[in-house]
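This chain uses plain numbering: 1 for the first residue, then up along the sequence.
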Amino acid sequence: MLEMMRKNALILAIFALVCTAVVALTHRLTQSTIIEQEQAQLLRVLDELLPESNHDEPLFDHCVLLTSPQFLGSKGPLPVFTAVKNGQPQGYAIEAIAPDGYSGEIKLVVGVQIDGTLSGVRVLNHNETPGLGDKIELKRSPWILSFNGKSMTDEKDIRWAVRNDGGQFDAFTGATITPRAIVKAVRKVLLLVQQQPQLLTQAPACGASL
């Protein structure tokens, strides 16, 4: 009996090692492809939020890596792209994290014009529930477009919440947590632009690390 248990344990251990090796190898082989796809998605989003008519210099020439857990929801640095035209900033595309989604973190890019008006918001990635929380994706629902043209007077602006909480943004039936997390994250980005605009240009340049 004991010998049989040892044999089964050995088989399970070998099986686990093989599976781990396969997963690790697959991850290694597909990592460059995943990075390329993420870069392509980011470029599409930047083009939507900061179109070429808003800048005459490459966005990647005006990219900084900003660390601000208070405003960006992450302890790590996140890129901020500045649209510059005729030598003057016209707007920003700011990556941020909504840490309190229903299924974890939601990664966003928030487009803000120089006057504090939102040019748009896009979701880069998330793990929200298919059919419910994934309506934050533009390909699933136009909900994310409800941020277009919105602005905030100050941090006491009560409109910056979902309607269930007395604000101006619709929630999804059965999935209020997800839109609430997005609204909260975008609100913090607007607070960053209002209260600490110097941080958007003084952070270290992105360089080759992006």
> Answer yes if L199 and I114 sit in the same cluster of Ile, Leu, Val, Met, Phe, Trp and Tyr residues linked by side chain heavy atoms under 4.5 Å apart, and no otherwise.
yes
> Is a salt bridge present between D154 and K156, judged by a nitrogen-to-oxygen distance below 4.0 Å?
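No.
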> So, the side chain of D165 versus the backbone of G167: is there a donor-acceptor pair under 3.5 Å, distance only?
no
> With distance as the sole test, does R187 use its side chain to make a donor-acceptor pair with the main-chain N or O of E155 at under 3.5 Å?
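It does hold such a pair.
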> Heavy atoms, side chains only, cut-off 4.5 Å: are L190 and L118 in contact?
yes
> Just do the side-chain contact (heavy atoms from CB on, under 4.5 Å) check on E95 and L42 with the steps written out, would you?
CA-CA 10 Å; E95 285 196 20; L42 176 60; 3.6 Å; yes
> Compare every heavy atom of S151 with every heavy atom of G116, then report the nearest pair and how far apart it is.
O-CB, 3.8 Å
> Which heavy atom of L49 sits nearest a heavy atom of G111, and at what distance?
CD1-N, 3.8 Å
> Going from CG on L72 to OG1 on T67, what distance comes out if it is rounded to the nearest 0.5 angstrom?
8.5 Å
> Which heavy-atom pair separates N127 from S103 by the least distance, and what is that distance?
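Closest approach of N127 to S103, heavy atoms only: O-CB, 2.9 Å.
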> Where do Q70 and K188 come nearest, in terms of heavy atoms and distance?
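Nearest pair, atom of Q70 first, then K188: O-CD, 3.6 Å.
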> Do L59 and L124 share a hydrophobic cluster, counting only Ile, Leu, Val, Met, Phe, Trp and Tyr and linking them when any side-chain heavy atoms are less than 4.5 Å apart?
yes
> So which heavy atom on A203 is nearest to which on V64, and how close?
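Reported closest heavy-atom pair: O-CG1, 3.4 Å.
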> Treat each ILVMFWY residue as a node, draw an edge where side-chain heavy atoms are under 4.5 Å apart, and state whether L132 and Y102 are in one component.
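L132 and Y102: separate clusters.
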> To the closest 0.5 Å, what do you measure between CZ (F172) and NZ (K135)?
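It is 7.0 Å, given to the nearest 0.5 Å.
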> Could you check if a side-chain atom of R159 sits within less than 4.5 angstrom of a side-chain atom of T153, using non-hydrogen atoms only?
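Yes - at least one pair of side-chain heavy atoms lies under 4.5 Å apart.
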> How far does NZ of K107 sit from OG of S74, to the nearest 0.5 angstrom?
8.5 Å
> Is the backbone of H55 close enough, under 3.5 Å, to the side chain of E57 for a donor and an acceptor to pair up by distance?
no
> When you look at CD of Q198, are more than 12 heavy atoms from neighbouring residues, nucleotides or ligands closer to it than 6.0 Å?
yes
> To check you understand the geometry: which heavy-atom pair defines the closest contact between A185 and L108, and what is its length?
CB-CD1, 3.7 Å
> Could you grab the distance from atom CD1 of I94 to atom CZ of F81, nearest 0.5 Å is fine?
11.0 Å
> Below 4.5 Å, heavy atoms only, C-beta onward: do F147 and I182 meet side chain to side chain?
yes
> Examine distances only and state if a side-chain atom of D134 and a backbone atom of G131 form a donor-acceptor pair shorter than 3.5 Å.
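Yes, D134 side chain to G131 backbone: donor-acceptor pair under 3.5 Å.
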> Tell me whether K85 is salt-bridged to D56, with the criterion being a basic N under 4.0 Å from an acidic carboxylate O.
no
> Using only atom types and a distance under 3.5 Å, with no angle test, would you say the side chain of S68 pairs donor to acceptor with the backbone of F71?
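Confirmed, S68 side chain pairs with F71 backbone.
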> Is it true that Q37 and Q39 share a donor-acceptor pair across their side chains at a distance under 3.5 Å?
no
> How many angstroms lie between CD1 in I106 and NZ in K184, if you round to the nearest 0.5 Å?
11.5 Å
> Hey, what's the ring geometry for W160 with F169, parallel, tilted or perpendicular (30° and 60° as the breaks)?
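Because their plane-to-plane angle lies in the 30° to 60° range, the rings of W160 and F169 count as tilted.
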> Can any side-chain N or O of S119 pair as donor or acceptor with the backbone N or O of Q113 at less than 3.5 Å?
no
> State, yes or no, whether a side-chain contact exists between D100 and R180 at a heavy-atom distance under 4.5 Å.
no
> Spell out, yes or no, whether F60 and V45 are grouped together once hydrophobic residues are joined by side-chain heavy atoms under 4.5 Å, including indirect joins.
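Yes, F60 and V45 fall within the same hydrophobic cluster.
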> Is there a path from I177 to I136 through hydrophobic residues (I, L, V, M, F, W, Y) whose side chains come within less than 4.5 Å of each other?
no
> CG of N164 to OG1 of T176: how many Å apart, nearest 0.5 Å?
4.5 Å
> Is any side-chain heavy atom of L200 closer than 4.5 Å to one of L192?
yes
> Backbone N or O of L50 within a donor-acceptor pair of the N54 side chain at under 3.5 Å?
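Between the backbone of L50 and the side chain of N54 there is no qualifying donor-acceptor contact (under 3.5 Å).
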> Enumerate the residue pairs fulfilling salt bridge (charged side-chain N to carboxylate O under 4.0 Å, His left out) with a member in residues 116-129, sequence neighbours excluded, ordered by first and then second residue.
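Only E48-R122 qualify under salt bridge (charged side-chain N to carboxylate O under 4.0 Å, His left out).
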